[in-house]
J.: 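Below is the structure I would like to discuss, written out as structure tokens.
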Amino acid sequence: MSQEYRTGREGEFTYRGHTLEELQDLELDEVAELLPARKRRSIKRGLSVEKQKLLEEAREKGEEETANAPIRTHLRDMPVLPEFVGLTFEVYNGQSFERVRVEPEMIGHYLGEFQLTRTSVEHGQAGIGATRSSKFVPLK
């Protein structure tokens, strides 16, 4: 590919042709136009009261303030907006609140996508109380 098709500078974050600073200056409706369809619809229909409170709390707090005292939320379906970049959230995964630091690449996803609710299961070898059929682990 030739260089003439490239947009933006190397190493600079862009989302749909806009730099992070440009995205942070846009209004919520303008940002919604850039987001994927599901997130755009949820914003256009109007954010719920809980989501509006989370958005206001995120706007009030700064990056350093949330690093020490993250914003706790159960709202896993809150779209990550450009205003959230640099902030730290504690997202509920069903058992506990886990920290999620928002990076620019997370814009357009949900908060819950970065905190999984299930862990992978790994089976060990048969133990002392194993039954006769489960004692023998196949070699294959």
Side-chain angles (χ1 to χ4, degrees):
M1 295 214 41
S2 67
Q3 293 287 336
E4 62 191 59
Y5 294 110
R6 287 189 170 178
T7 58
R9 290 181 286 180
E10 287 289 325
E12 183 181 16
F13 172 78
T14 59
Y15 183 79
R16 309 227 174 175
H18 298 275
T19 62
L20 181 60
E21 291 78 23
E22 291 171 350
L23 289 170
Q24 290 175 334
D25 292 338
L26 295 176
E27 295 292 323
L28 185 60
D29 294 336
E30 295 169 334
V31 171
E33 293 296 326
L34 301 173
L35 296 177
R38 183 75 256 163
K39 287 87 181 181
R40 181 174 55 239
R41 283 190 64 175
S42 67
I43 291 174
K44 285 202 169 200
R45 286 181 171 187
L47 296 175
S48 65
V49 175
E50 295 89 12
K51 289 179 182 175
Q52 288 177 352
K53 284 182 182 175
L54 178 68
L55 183 60
E56 289 173 12
E57 188 177 354
R59 286 177 176 161
E60 290 173 3
K61 293 190 173 183
E63 186 174 337
E64 296 168 4
E65 194 174 341
T66 59
N68 297 329
I71 301 170
R72 281 188 157 208
T73 183
H74 283 248
L75 299 173
R76 300 175 54 81
D77 60 342
M78 178 69 183
V80 175
L81 300 172
E83 302 168 42
F84 294 171
V85 173
L87 301 179
T88 305
F89 291 88
E90 281 190 343
V91 180
Y92 192 65
N93 67 2
Q95 293 181 339
S96 62
F97 289 92
E98 299 295 330
R99 284 180 174 238
V100 175
R101 184 172 173 356
V102 177
E103 301 291 332
E105 292 80 11
M106 296 177 174
I107 294 173
H109 293 269
Y110 289 118
L111 277 177
E113 292 181 45
F114 304 102
Q115 193 51 250
L116 301 178
T117 57
R118 298 184 178 129
T119 58
S120 62
V121 176
E122 294 181 9
H123 298 282
Q125 290 188 331
I128 293 172
T131 61
R132 191 168 265 267
S133 63
S134 66
K135 274 186 179 176
F136 303 103
V137 178
L139 296 175
K140 272 178 113 177

J.: Passes side-chain contact (heavy atoms from CB on, under 4.5 Å), Leu47 versus Leu54? Steps please.
T.: CA-CA 10 Å; Leu47 296 175; Leu54 178 68; over 6 Å; no
J.: Would you say that more than 12 heavy atoms from the other residues, nucleotides or ligands in this model lie under 6.0 Å from the CZ of Arg99, or not?
T.: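 Counting other residues, nucleotides and ligands, CZ of Arg99 exceeds 12 neighbours.
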J.: State the CD-CE distance between Glu113 and Met106, to the nearest 0.5 angstrom.
T.: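 Rounded to the nearest 0.5 Å, the CD-CE separation comes out at 10.0 Å.
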J.: Go through the structure and list residues passing side-chain contact (heavy atoms from CB on, under 4.5 Å) with Glu65, not counting sequence neighbours.
T.: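 side-chain contact (heavy atoms from CB on, under 4.5 Å) check on Glu65 returns Lys61.
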J.: Does atom CZ (Arg16) have a neighbourhood of more than 12 heavy atoms from anything else shown, all under 6.0 Å?
T.: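 Yes, because the 6.0 Å sphere around CZ of Arg16 holds more than 12 heavy atoms from other groups.
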J.: Where the side chain of Arg101 meets the backbone of Gly86, is there a donor-acceptor pair that is under 3.5 Å apart?
T.: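 Judged by distance alone, yes, a pair lies under 3.5 Å.
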J.: Does the pair His74 and Phe97 meet the rule for a side-chain contact (heavy atoms from CB on, under 4.5 Å), with working shown?
T.: CA-CA 8 Å; His74 283 248; Phe97 289 92; 3.3 Å; yes
J.: Taking atom NZ of Lys53 and atom OG1 of Thr73, what is their separation to the nearest 0.5 Å?
T.: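 Output value for this atom pair is 11.5 Å.
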J.: What pairs of residues pass the side chain to side chain donor-acceptor pair (under 3.5 Å) test when at least one of them lies in residues 81-96, not counting sequence neighbours?
T.: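 Listed by first then second residue: Arg59-Glu83, Arg72-Glu90, Ser96-Glu98.
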J.: For the CG atom of Leu81 and the CG atom of Leu87, what is their distance to the nearest 0.5 Å?
T.: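 Rounded to the nearest 0.5 Å, the CG-CG separation comes out at 10.5 Å.
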J.: What side-chain donor-acceptor pairs closer than 3.5 Å can you find for residues 26-39, not counting sequence neighbours?
T.:
unit_1, atom_1, unit_2, atom_2, d
Glu30, OE1, Glu27, N, 2.9
Glu33, OE2, Lys44, NZ, 2.5
Lys39, NZ, Gly108, O, 3.4

J.: Within this structure, what is the OG1-CZ distance for the pair Thr66 and Phe84, rounded to the nearest 0.5 Å?
T.: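 Going from OG1 on Thr66 over to CZ on Phe84, the span is 11.5 Å.
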